[in-house]
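Small disclaimer: the values here were computed from a predicted structure and weren't measured.
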Amino acid sequence: MNKTASRQAPLSAPEHYVGPVQWRHMVEWMRADGVITPEEATRTIARCSAAESAQPALVRLAAVGIERASDGVPMDVEELTQYLARRAGLGYLRIDPLKVDVGKVADTMSATYAERHKVLPVQVTSGEVVVATAEPFIDDWVAEVERQAKRQVRRVVANPQEIKRYTGEFFALAKSVRAAQKAGGAVGASFEQLVELGKSNKQLDANDQGVVQVVDWLWQYAFDQRASDIHLEPRRDQGVIRFRIDGVLHPVYTVPLGVMAAMTARIKLLGRMDVVEKRRPLDGRIKTRNPRGEEIEMRLSTLPTAFGEKLVMRIFDPDTAVKDLDALGFTPHDAARWETLVARPNGVILVTGPTGSGKTTTLYSTLKRVATEEVNVSTIEDPIERIDPALNQTQVQPQLDFGFAEGLRALMRQDPDVIMIGEIRDLETAEMAVQAALTGHLVFSTLHTNDAPSALTRLMELGVPRYLLNATVLGVLAQRLVRTLCKNCREPDDDPASREMLADAIKPWKLNSEPRLYKPVGCIECRMTGYRGRMGIYELLTVSENFRQLLHDEKGLTELRKQSVADGMRPLRLAGALRAAEGVTTLQEVISATPPMGS
């Protein structure tokens with residue numbers, strides 16, 4: 001929290017002013033401090049006078065487009081808040097809800113008190129309470145809060161719109177958790193009784209005020225924070241909720257174990273899962289809507305642990321479900337080669353990489369492009385990652401002896417044009433994929449290998465003959481995900497050591513142009529990480545005649561790698577380093593995500 005609060009000297013000595021901030025005061029202070037010109041001050045006064053409004057002063061000034069003297073750019077509410085903080089001699093804070101312990105905050109004061117004084121506690125330690133306010137010249141509430149909290153109050157200035165928004169959210173959430181907790185240990189049981197006996201609707205209605213509200217808040221909060229996964233993890237003394245954002249897990253909230261058990265039961269019900277069964281893993285899926293009204297699908301997975309049932313929800317946001325090749329991170333060099341591959345009428349195309357490397361997004365984006373009205377695209381998956389109406393999707397069911405090989409055998413009788421196999425895990429599935437390609441189908445599948453050339457050796461290790469690989473495999477795409485630099489705060493990296501590291505990373509290649517290296521800094525937009533969002537980096541192996549000859553001659557992996565590079569493949573480490581040289585990511589991210597070249 002302290003990282004996001006900045007305390008600077010005021011632009012000029014604060015006047016002995018007490019009372020709410022008025023827009024006229026703000027205009028006069030900014031004119032006196034040279035933040036705006038006298039002409040801009042006159043223009044702003046005229047505009048604000050003509051547009052009477054009950055909005056807070058900062059919001060009102062931002063609405064009329066008050067312009068900075070330095071460059072004539074309109075100031076937004078956040079910039080005006082920063083100025084007000086400097087003027088008042090207090091720290092500025094951009095509220096990050098992921099760093100607020102809502103339970104402790106709600107215990108500091110009541111929602112009514114916070115709304116009346118337009119303040120919001122944002123951090124509670126053993127010695128102090130950090131309270132955000134948009135009225136820095138009113139402090140008559142401080143002594144009372146210090147007496148009640150038995151801690152010192154440290155005031156910071158924050159955006160009035162965010163204070164209003166999070167006051168409602170934080171206190172509503174805390175109230176819902178308390179309501180659920182007050183129901184006691186029977187909260188979880190009531191859901192089980194609903195399934196077993198169908199007689200607990202009354203108890204479920206009572207829980208709507210607590211558990212259901214917490215679950216709804218959790219989903220909307222996750223969508224707002226761009227989370228890709230939600231983890232509900234029971235521990236010894238409490239339940240922990242964590243979000244994965246840009247590949248990194250962030251603690252969000254802690255709840256009593258009874259509340260977490262009820263939340264898990266509620267989510268399992270909505271996912272049409274067996275609420276009573278807690279001894280074995282279960283899968284399910286839920287559809288809901290984000291704050292923009294768009295449909296969101298979540299895949300559910302439970303796992304028994306020492307302290308209870310752990311639940312993970314993977315979020316499939318429509319913004320990331322299907323992308324064009326440029327948005328996925330393909331360079332023009334690889335995009336053109338990939339388009340050529342997927343336009344082939346038959347053959348096998350493999351996508352490789354570890355779990356969480358973006359293989360699913362790449363495959364679905366590609367399948368969506370080829371699934372026209374004239375093309376029958378069928379998939380066999382475990383589980384179905386994302387349901388798409390343009391595809392014919394089937395899920396394997398091992399308990400019914402319906403695996404990938406059996407599913408693929410059935411698909412072959414369904415007149416498919418394009419087939420996607422979720423994963424090639426054994427020789428039988430690999431042989432069926434090869435046979436499908438030989439009979440005129442275009443087959444996509446995934447493998448877990450370190451790089452693209454290793455996919456061929458993995459298939460040979462499974463037992464697929466070299467001559468069949470020569471006849472069917474068109475190409476292999478290996479990929480990784482790396483975090484991209486936050487454009488709001490990144491800074492040029494002029495350190496000569498960084499350029500030397502880049503040169504070492506791409507040996508024996510050399511750059512044709514001067515690299516534009518940047519380094520992460522950290523701001524509130526990227527949660528002080530310096531990174532915001534992720535992109536793919538790729539190495540694409542296309543099977544040429546020379547490559548086929550090496551396979552036929554039983555050459556080893558080293559020779560296959562050399563030929564792949566000669567055919568135009570850029571190794572993962574090189575592809576990532578080129579992205580770092582463009583200023584999109586950092587070399588440290590690339591090195592941590594990719595294997596060394598030649599390994």
Please tell me if the side chains of [X] and [Y] come closer than 4.5 Å, counting only heavy atoms from C-beta onward.
X	Y	result
Leu485	Tyr531	yes
Leu218	Phe243	yes
Leu442	Ile419	no

Salt bridge flag under 4.0 Å for residues [X] and [Y]:
X	Y	answer
Glu539	Arg570	no
Lys268	Glu309	yes
Lys562	Glu559	no
Glu514	Arg516	no

Using distance alone, with no hydrogens and no angle criterion, decide if [X] and [Y] have a side-chain donor and acceptor under 3.5 Å apart.
X	Y	result
Asp567	Gln563	yes
Thr542	Arg337	yes
Thr429	Asp426	yes

Which heavy atom in Gly353 sits nearest to a heavy atom in Lys359, and how many Å separate them?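 It is O-NZ, 3.0 Å.
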
Could you report the tightest heavy-atom contact between Phe223 and Arg289, atom names first, then the distance?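 For Phe223 versus Arg289, the nearest heavy atoms are CE1-O, 3.7 Å.
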
Rounded distance (nearest 0.5 Å) linking atom CD of Glu431 with atom CG of Leu459: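 Reported to 0.5 Å precision, the distance equals 11.0 Å.
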
Can you name the ring-ring contact (aromatic ring centres under 6.0 Å, His included) partners of Tyr253, sequence neighbours left out?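 For Tyr253 there are no ring-ring contact (aromatic ring centres under 6.0 Å, His included) partners, ignoring immediate neighbours.
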
